[in-house]
2 protein chains.
Amino acid sequence: MAKRAPSRRIGIADVAKQAGVSHATVSRVMNGNFSVAADIAERVRQAAADLKYQPNSVGRSLALGKTDTIGVVVPDLENPTFQAILRGVSRAAARDGYRVLIADSSEVSSEEAILAGEARRRCDGVILCAPRMADADLRDLAPALHPLVLINRSTPVEDTPCLSADYGQGIQDLAAHLVARGHRRLVFLAGPEPSASNRLRVRGLELFMEQHPAVELQTVPGGVSFAAGHEAVDAILASGATGVLAFNDLVAMGLLSALHERGISVPGQLSVTGFDDIPFARYTTPTLTTAAVPITELGEMAWQRMSAVLRGDEDVVLGTVIQPEVILRGSTGPAPS
Amino acid sequence: MAKRAPSRRIGIADVAKQAGVSHATVSRVMNGNFSVAADIAERVRQAAADLKYQPNSVGRSLALGKTDTIGVVVPDLENPTFQAILRGVSRAAARDGYRVLIADSSEVSSEEAILAGEARRRCDGVILCAPRMADADLRDLAPALHPLVLINRSTPVEDTPCLSADYGQGIQDLAAHLVARGHRRLVFLAGPEPSASNRLRVRGLELFMEQHPAVELQTVPGGVSFAAGHEAVDAILASGATGVLAFNDLVAMGLLSALHERGISVPGQLSVTGFDDIPFARYTTPTLTTAAVPITELGEMAWQRMSAVLRGDEDVVLGTVIQPEVILRGSTGPAPS
DNA sequence: TTGCTGCGAGAAAACGTTTTCTCACTCAGC
DNA sequence: GCTGAGTGAGAAAACGTTTTCTCGCAGCAA
């Protein structure tokens, strides 16, 4: 039982008593239900105002069987990509009167399943960004999470909308750009091995290499962060490549910074591309050539899908692949002769 | 009444029936209450597992009178400062088993009060970042929001912990640094007029000027974003100053970018400082001299305060002011002779 | 006047838990 | 063998809403 504090929060019962009507009538008035006489409605509204009545949303949720809240599970709130997704979801959901509960797994992949389940119990649905979760785990988890929307997974799961960017195509476009500028020795500064979006990039590059036998491609292990890019500078230089395809903008920026420290000219000696087009990409020096993923919009779309499922729409669009767009800026140029 | 779907979610009642006990016993087992025989407990646990029982947290919240959720109201999820606060709060709260509901007012100041109230109704407490809310409004709102923790407000509100950074001192330290390097003509690239943290900076600079009569200080209207800094470049150059104190790192970076486009050398011709030390500040070219505010930690501290209030601690620390630390990097240098 | 219709509002059930109350039962002590 | 304490578990109330059900009353046709 809740503690009976001396002054409990005022509830619908208090308003009812004050107005001399029943709970039911108060509820009807508060919900704009019309079948209530004007004078009584007014009296109720007056009473509610006098008492500063605020409906308790937990009670409401229990009765209605919905919380008007959705959970967003992200692997890392520090990563601009996930911040953007969160922002997109949050704003779109807010327009429809929904709120967002955040669950940040802090890159602890094993936590994701638990977090997602926990979030689902509190919310009407879950939007899941778990790039590194194993496919099998995801399949096991999905039914319990429904309504569920997936972001950046290539695994199709029954009845589950999935939005993703075509990283494979994007990285090919970037590679093609470098090759068109005369680069023949490229290096891929990779992301985390188990990440779905990294696998897509790798696969895209494999395709690219099949079509460009004259080009040489190496791979250097990297990561997702500034630090990863910064630390990889020696390996990158050792590769002898003239063009670097970094896993994402963060990594590219870390690398750019390290190259600057070494006095390596970009793009004079080395061309560098990022991926994502985070807001900062246009403010680096040199500005960063990258493949833009409209990530905030992707968050908004995730909400659209969720909203459709919540409304019980038939035929919700399940698979959606967004095409990244190559943005040419200052960090790429012709290969040094 | 909630729709009676053919297969309703399984609840405590189903587990009770399956195990041949009462709801009460199931509840006791699930909550680790000891006064239940081992064999019965085992039977209940088995039944729960068989049925994949997941306790409904809305029902739980109603009975317990708490939601284990707190709301965080931020003016702009796009701003790295608020992202960092959110991250700090979220991670700290998660460690204590609490979740975070986000309410992004999208810079619409008039929405903040409503959003905060709405968040409070769904949550056990609210952490409010509303730098531009009028003091009077805040005072009116505060009682309804309690438990409440304020961030970056200078207004003391009864019984309400408030964490803030000493922007006034920080900007003075930055100004002192520039003056020490020989700058005599400074310009403050201001933030939004009504923002509390901007007022603190202005006040700090007034103090500084009193102590340094030989220094000339102008003020140029700016904003909080890249774009604001970028657009202000003409006004900055027209001021004839040799040292720029930008409102924050974002503005400074926008300005840096615009200066680079104009071919103005930083710090050769112009020194620039930021404020906040966002992660990107160390990756700009040149790297940004700024006053570091440990903002994620500030978010964590906000949770500590909230947690203390929630636990019913007497004497919670109310006012906490964090001292920014000047970080010297490459964007400032001696005044041009 | 009687009976039917329609409407407005109160009574009560329902949502899914937790917790207090109560009671049946066991066991020890006399 | 009877009483008292102690223990374990079911019954029921409580949390604060929404919604269905029901009923009283007014109006109208027969």
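Quick note on labels: first sequence line is chain A, next is B, and so on, each numbered from 1.
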(Q) Can you tell me which residue among B:P131, B:C129, B:S106 is in a side-chain contact (heavy atoms from CB on, under 4.5 Å) with B:V74? (A)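 Among B:P131, B:C129, B:S106, the one meeting side-chain contact (heavy atoms from CB on, under 4.5 Å) with B:V74 is B:C129.
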If I take atom [atom1] in residue [X] and atom [atom2] in nucleotide [N], what distance separates them, rounded to the nearest angstrom?
X      : N      : atom1 : atom2 : value
A:R43  : C:dG8  : CZ    : P     : 15 Å
A:R122 : C:dT17 : CZ    : C1'   : 14 Å
B:H23  : D:dA12 : NE2   : P     : 10 Å
A:D14  : D:dC15 : CG    : P     : 11 Å
A:R9   : D:dA14 : CZ    : C1'   : 16 Å
B:K17  : D:dA11 : NZ    : P     : 14 Å
B:R60  : D:dC15 : CZ    : C1'   : 14 Å
B:M30  : C:dT19 : CE    : P     : 14 Å

Q) Which part of the nucleic acid does B:V21 contact within heavy-atom distance under 4.0 Å: base, sugar-phosphate only, or nothing? A)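 Sugar-phosphate, backbone atoms only, no base.
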(Q) At 4.0 Å (heavy atoms only), tell me whether B:A37 reaches a base, stays on the sugar-phosphate, or touches nothing. (A)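 Here B:A37 touches the backbone only, sparing every base.
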Side chain of [X] only, heavy atoms from C-beta on: which candidate in [options] is closest?
X     : options                : value
A:L62 : D:dG16, D:dT19, D:dG10 : D:dG16
A:I12 : D:dG16, D:dT17, D:dA11 : D:dT17
A:I40 : D:dG10, C:dT18, C:dA9  : C:dA9
B:Y53 : C:dT17, C:dT18, D:dT17 : C:dT17

Q. Just wondering, are more than 12 heavy atoms of other shown residues or ligands nearer than 6.0 Å to NE2 in B:H23?
A.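 Atom NE2 in B:H23 is not crowded, with 12 or fewer foreign heavy atoms closer than 6.0 Å.
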Q) In terms of side-chain heavy atoms, does B:T320 have a donor or acceptor partner in B:R305 at a distance below 3.5 Å? A)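 Present: a donor and an acceptor within the cut-off.
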Would you indicate, yes or no, if [N] has its OP1 or OP2 atom less than 4.0 angstrom from a side-chain nitrogen or oxygen of [X]?
X     : N      : answer
A:N31 : D:dT18 : yes
B:R28 : D:dA9  : no
B:T25 : D:dA9  : no

Q) Salt-bridged, B:R139 to B:D159, with N to O below 4.0 Å? A)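 No, this pair does not count.
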Q: Taking only Lys NZ, Arg NE, NH1 and NH2, and the carboxylate oxygens of Asp or Glu, determine whether B:R87 and A:D104 approach each other closer than 4.0 Å.
A: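 Salt bridge flag = no for A:D104 with B:R87.
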Q.
Go nucleotide by nucleotide along DNA chain C from the 5' end; which of B:G59 and B:A24 gets its closest nucleotide reached first?
A.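 Result: B:G59.
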